[in-house]
A.B. asks: 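I am attaching a structure below and will ask some questions about it afterwards.
Values in this document were obtained by computation on a predicted structure and should not be read as measured data. Note that ligands are numbered from 1 as they come in the structure, with each ligand's atoms numbered from 1 the same way.
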Amino acid sequence: MCTTIDGKILTSRWPKLPNNFNGASLFESTANTFRIPAWLVGTTTMKEFSAPPNTKLPRSPRKISRTDHLAHLPSSNPQSKIRNPQSPKSFSIAVDTKGSLRFTRPDVDGDHTIILTTTSVPDSYLHHLQSAGVSYLLAGRSHVNLPLAMRKLHSSFHIKKLLLEGGGAFNASMLHARLVDEISQIILPIVDAGGPKIPSLFHHLGSTPKKAAAPLHLLSHKSLPHGAQWLRYRVLPT
Ligand SMILES: NC(=O)c1ccc[n+]([C@@H]2O[C@H](COP(=O)([O-])OP(=O)(O)OC[C@H]3O[C@@H](n4cnc5c(N)ncnc54)[C@H](OP(=O)(O)O)[C@@H]3O)[C@@H](O)[C@H]2O)c1
């Protein structure tokens, strides 16, 4: 994640830096060093990589059973231990509790798209995902059960590690669910000063939890060009 010195993450608000330095490009270059071929984001962030959200969907022509759908397999069998040679090797994953995302293709820049959603979304949404060639995993009824969703990503797609890539609200949910083991933060020489409505690196929505803070261990610190700082932390158990 790239942040300002006050921890804010809305890159669209950031001014140009001297020497045409594009701070946001550090997001990709540092993420690539981890060599983890799967990234996971919240609904708002995925809207930037998909079709316009919330458009009205046509009725599904059939009733859709509430089972996981693995788009790349001829018959979707999440229990199958047999690796299909056609199986995708890299993944773009998003949580979408209410079924608001829309897709015109099965991938983001070649990374196969998987949606973590609930059994309460309408048939029209599941039919839309199937038609677009997008996979989905059902984890919960009214909200996405994050530990269950992570277990399903492992059992269905053999995904063991993920790059959690924002935004702040979803990062906070993953942290609260104790599913974040490392943090990689690029601090750019920018201060946002935009107040509490601007999301920060971990930006919990709703009432303030009593116990949310997690202790960290600094793994590394590197100065990058143009005054950017790259900090990596391990999240310690509380
Ligand atoms: N600087 C960076 O490195 C960086 C990286 C990534 C993103 N960003 C920026 O971050 C901004 C978005 O951040 P954000 O915090 O507003 O949104 P976000 O975390 O991407 O998405 C939050 C939304 O996801 C849905 N959601 C579903 N399940 C959730 C769960 N368990 N926990 C939390 N949310 C859940 C909710 O929408 P519903 O209520 O509709 O279900 C919620 O409002 C974008 O502008 C993006 O460009 C910056």
A.B. asks: What is the closest protein heavy atom to atom 43 (O) of ligand 1, and at what distance does it sit?
C.D. replies: L205 CD1, 3.8 Å
A.B. asks: Check the orientation of W230 and F34. Use parallel for under 30°, tilted for 30 to 60°, and perpendicular for over 60°.
C.D. replies: perpendicular
A.B. asks: Taking the side chain from N145 and the backbone from G140, do they hold a donor-acceptor pair closer than 3.5 Å?
C.D. replies: no
A.B. asks: Are the side chain of S120 and the backbone of R141 linked by a donor-acceptor contact shorter than 3.5 Å?
C.D. replies: yes
A.B. asks: Given 3.5 Å as the limit, does a donor-acceptor pair link the side chain of N171 with the main chain of G166, or not?
C.D. replies: yes
A.B. asks: Looking only at protein heavy atoms, identify the closest one to atom 3 (O) of ligand 1 and say how far it is in Å.
C.D. replies: C2 N, 2.9 Å
A.B. asks: Nearest protein heavy atom to atom 16 (O) of ligand 1, by residue and atom, and its distance?
C.D. replies: P199 CG, 4.0 Å
A.B. asks: Under 3.5 Å, N or O to N or O, is V144 touching ligand 1 that way?
C.D. replies: no
A.B. asks: S100 versus ligand 1: do any nitrogen or oxygen atoms come within less than 3.5 Å of each other?
C.D. replies: no
A.B. asks: Tell me, which protein residue and heavy-atom name are nearest atom 13 (O) of ligand 1, and how many Å apart are they?
C.D. replies: G167 CA, 3.4 Å
A.B. asks: Check whether any heavy atom of E48 sits under 4.0 Å from an atom of ligand 1.
C.D. replies: yes
A.B. asks: Should you measure from each heavy atom of S173, which atoms of ligand 1 turn up under 4.0 Å away?
C.D. replies: 30 (C), 31 (N), 32 (N), 33 (C)
A.B. asks: Provide, to 0.1 Å, the distance between atom 36 (C) of ligand 1 and the closest protein heavy atom, together with that atom's residue and name.
C.D. replies: T43 OG1, 4.3 Å
A.B. asks: Could you tell me, atom by atom, which parts of ligand 1 come under 4.0 Å of a heavy atom of T11?
C.D. replies: 1 (N)
A.B. asks: Please determine which of R62, R59, R66 meets the salt bridge (Lys or Arg N to Asp or Glu O under 4.0 Å) test together with D123.
C.D. replies: R66
A.B. asks: Could you tell me whether G168 and ligand 1 have an N or O pair separated by under 3.5 Å?
C.D. replies: yes
A.B. asks: So, 4.0 Å and heavy atoms of V95: is ligand 1 close enough to count as a contact?
C.D. replies: yes
A.B. asks: Is it the side chain, the backbone, both or neither of M1 that has a heavy atom closer than 4.0 Å to ligand 1?
C.D. replies: both
A.B. asks: Check whether any side-chain N or O of T118 sits under 3.5 Å from a backbone N or O of T97 as a donor-acceptor pair, and report yes or no.
C.D. replies: yes
A.B. asks: Relative to the heavy atoms of F27, which atoms of ligand 1 are at a distance of less than 4.0 Å?
C.D. replies: 3 (O), 5 (C)
A.B. asks: Show the atoms of ligand 1 that are less than 4.0 angstrom away from any heavy atom in A169.
C.D. replies: 15 (O), 19 (O), 22 (C), 33 (C)
A.B. asks: Restricting to non-hydrogen atoms, name the atom on P189 and the atom on L17 that form the minimum distance, rounded to 0.1 Å.
C.D. replies: O-CD2, 3.9 Å
A.B. asks: Which option wins on minimum heavy-atom distance to atom 19 (O) of ligand 1: W39, F202, W14, F170?
C.D. replies: F170
A.B. asks: In the protein, which heavy atom is nearest to atom 28 (N) of ligand 1, and how far is it?
C.D. replies: T97 OG1, 3.3 Å
A.B. asks: For atom 6 (C) of ligand 1, what is the nearest protein heavy atom, given as residue, atom name and distance?
C.D. replies: E165 O, 2.9 Å
A.B. asks: For the residue pair I190 and W14, what are the closest heavy atoms and their distance?
C.D. replies: CD1-CB, 3.8 Å
A.B. asks: Could you tell me whether the side chain of K152 and the main chain of L138 form a donor-acceptor pair under 3.5 Å?
C.D. replies: yes
A.B. asks: Is the backbone of S87 close enough, under 3.5 Å, to the side chain of K89 for a donor and an acceptor to pair up by distance?
C.D. replies: yes
A.B. asks: M1 and F27: which non-hydrogen atoms are nearest, and at how many Å?
C.D. replies: CA-CE1, 4.0 Å
A.B. asks: Would you check whether L10 reaches within less than 4.0 Å of ligand 1, judged by its heavy atoms?
C.D. replies: yes
A.B. asks: Working note: Y125 + R102, criterion side-chain contact (heavy atoms from CB on, under 4.5 Å); need CA distance, chi angles, decisive distance, verdict.
C.D. replies: CA-CA 9 Å; Y125 179 64; R102 301 289 180 264; 3.8 Å; yes
A.B. asks: Considering only non-hydrogen protein atoms, determine which one is nearest to atom 17 (O) of ligand 1 and report residue, atom name and distance to 0.1 Å.
C.D. replies: T44 CB, 3.3 Å
